[in-house]
Peer 1: 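Can you read through this structure? Questions will come right after.
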Amino acid sequence: MPDPAFMEQGGSRCYTLAVYIDGGQSGQNSSGWSAATSNWSSATDINFYVTTGTANIYLRQTRITNVTWDGITYRSTAGSLYQAPMNAYLNSYYTDGYTYTTTRGVAAHELGHALGLEHVGGCYLMNSATPNRCGIYYPTSDEIAGVNAIY
C-alpha cells in the first residue's frame, strides 16, 4: 500500500492519499464519494487522487438491511496512520432513498473518519446521526482544523 506522500508547498503542508472508488456502485453513491473527496481536498492539507490500483482508502457500497447505519468506515490506527488500507462504505439500503446532497454528506462524514475524526455532538458533519447534522453536508471549519492538526 502506498504511504501518504508529504510535500512542503510554499510553507504549507500537503499530504497526498490514494483513493479507490469501487466501480460497482450506484451513480449517486459514486458521485457522492467523488464530491466528498473534492470537498476535503479543497478545504484541508489533504490531496486525494483517484486510482484504479492500490490505495490508502477504498470507497465502497454495500446493501445491508438489518443495520441502522447509512455509512461505516473501518480504519487501522496501529502504529502510525495508514498502516493498513481503510475501507469506507455507503449503505445503499439507506442512501438509495436519500437526496444526492444527503448521500454526499454521508460520504464526507465517512471520509472524516478515514482521516482520523471521531463523532461529535451538535450541527457538524461528524455528528453520528445523519438527521442531526442540521443540513451540513461538507466539512465545517472545526472539522477542517481538526484534520489539518492531525496532518
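Along the sequence shown, residues carry numbers from 1.
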Peer 1: How far apart are the C-alpha atoms of Q61 and D22, what are their side-chain angles, what is the distance that settles it, and do they pass the side chain to side chain contact (heavy atoms under 4.5 Å, CB included) test?
Peer 2: CA-CA 7 Å; Q61 173 179 288; D22 195 350; over 6 Å; no
Peer 1: Is the OH atom of Y124 crowded by more than 12 outside heavy atoms at less than 6.0 Å?
Peer 2: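 Check fails, neighbour count at 12 or below.
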Peer 1: Given D70, which partner from the list Y94, Y98, Y93, Y89 fulfils the side-chain hydrogen bond (donor to acceptor under 3.5 Å, both in side chains) test?
Peer 2: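 So, applying the side-chain hydrogen bond (donor to acceptor under 3.5 Å, both in side chains) to D70 and each of Y94, Y98, Y93, Y89, only Y98 qualifies.
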Peer 1: Go through the steps to decide whether N91 and I72 satisfy the test side chain to side chain contact (heavy atoms under 4.5 Å, CB included), and finish with yes or no.
Peer 2: CA-CA 8 Å; N91 187 352; I72 196 164; over 6 Å; no
Peer 1: So which atom in A107 and which in G32 form the shortest heavy-atom distance, rounded to 0.1 Å?
Peer 2: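 Where A107 meets G32 most closely, the heavy atoms are CB-O, 3.6 Å.
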Peer 1: How far does OG1 of T73 sit from CD1 of I57, to the nearest 0.5 angstrom?
Peer 2: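 So the OG1 of T73 and the CD1 of I57 are separated by 8.5 Å.
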Peer 1: Donor-acceptor pair, N39 side chain versus Y138 backbone, under 3.5 Å?
Peer 2: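 No, N39 side chain to Y138 backbone: no donor-acceptor pair under 3.5 Å.
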Peer 1: Using a 4.5 Å cut-off on heavy atoms from C-beta on, say whether the side chain of L115 contacts that of I150.
Peer 2: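 With C-beta onward as the side chain, the pair stays apart.
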Peer 1: Could you check whether any side-chain N or O of Q25 sits under 3.5 Å from a backbone N or O of L59, counting only pairs where one atom can act as donor and the other as acceptor?
Peer 2: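 Yes.
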Peer 1: Over all heavy atoms of both residues, which pair between A55 and A18 is shortest? Give the atoms and the distance, please.
Peer 2: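 Of all heavy-atom pairs spanning A55 and A18, the closest is CB-O, 3.4 Å.
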Peer 1: Below 30° counts as parallel, above 60° as perpendicular, anything between as tilted: where do the rings of H119 and H109 land?
Peer 2: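 Taking H109 first and then H119, their aromatic rings lie parallel (interplane angle under 30°).
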Peer 1: Considering non-hydrogen atoms only, spot the tightest contact between T52 and Y20 and give its length.
Peer 2: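 Residues T52 and Y20, closest heavy atoms: O-CE1, 3.6 Å.
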Peer 1: Any side-chain heavy atom of R133 within less than 4.5 Å of one from V106?
Peer 2: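 Counting from C-beta outward, R133 and V106 do come under 4.5 Å.
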Peer 1: Hey, could you give me the CD1/CE distance between I136 and M126, rounded to the nearest 0.5 Å?
Peer 2: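 Reported value, rounded in 0.5 Å steps: 12.5 Å.
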Peer 1: Is the side chain of S30 donor-acceptor paired with the backbone N or O of G27 at a distance under 3.5 Å, no angle test?
Peer 2: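 No, because the side chain of S30 does not come within donor-acceptor range (under 3.5 Å) of the backbone of G27.
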Peer 1: Which heavy atom of D96 sits nearest to which heavy atom of S26, and what is that distance?
Peer 2: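 Heavy atoms of D96 and S26 come nearest at OD1-OG, 4.1 Å.
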Peer 1: To check you understand the geometry: which heavy-atom pair defines the closest contact between T54 and T51, and what is its length?
Peer 2: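 In this case the closest contact between T54 and T51 is O-CG2, 3.5 Å.
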Peer 1: Any donor-acceptor pair under 3.5 Å linking the side chain of E143 with the backbone of G112?
Peer 2: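 Here the side-chain-to-backbone pair does not exist.
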Peer 1: Apply side chain to side chain contact (heavy atoms under 4.5 Å, CB included) to the pair W40 and I46, showing each step before the final yes or no.
Peer 2: CA-CA 7 Å; W40 280 108; I46 305 296; 5.8 Å; no
Peer 1: For T95 versus Q28, what's the shortest heavy-atom pair and its separation?
Peer 2: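 What the structure gives for the nearest pair is O-NE2, 2.9 Å.
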Peer 1: Does one hydrophobic cluster hold both W69 and Y137, with members joined at side-chain heavy-atom distances below 4.5 Å?
Peer 2: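 Not linked; separate clusters.
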Peer 1: For L90, does its backbone N or O pair with a side-chain atom of E110 as donor and acceptor, under 3.5 Å?
Peer 2: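 Such a contact is absent between E110 side chain and L90 backbone.
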Peer 1: Once you round to the nearest 0.5 Å, how far does OH of Y74 lie from CG of N87?
Peer 2: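 Answer for the OH-CG pair, Y74 versus N87, is 9.0 Å.
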Peer 1: Please answer whether the main-chain N or O of T62 pairs with a side-chain N or O of S92 as donor and acceptor at a distance below 3.5 Å.
Peer 2: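 Checked: pair present.
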Peer 1: Any donor-acceptor pair under 3.5 Å linking the side chain of S41 with the backbone of F48?
Peer 2: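 Here the side-chain-to-backbone pair exists.
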Peer 1: When you measure from the side chain of N148 to the backbone of T44, do you find a donor-acceptor pair of N or O atoms at a distance under 3.5 Å?
Peer 2: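 No: the side chain of N148 does not pair with the backbone of T44.
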Peer 1: Any side-chain heavy-atom pair from L117 and V147 closer than 4.5 angstrom?
Peer 2: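 A side-chain contact under 4.5 Å exists here.
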Peer 1: Roughly how far, to the nearest 0.5 Å, is the OG1 atom of T140 from the CG atom of L125?
Peer 2: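 It is 7.0 Å, given to the nearest 0.5 Å.
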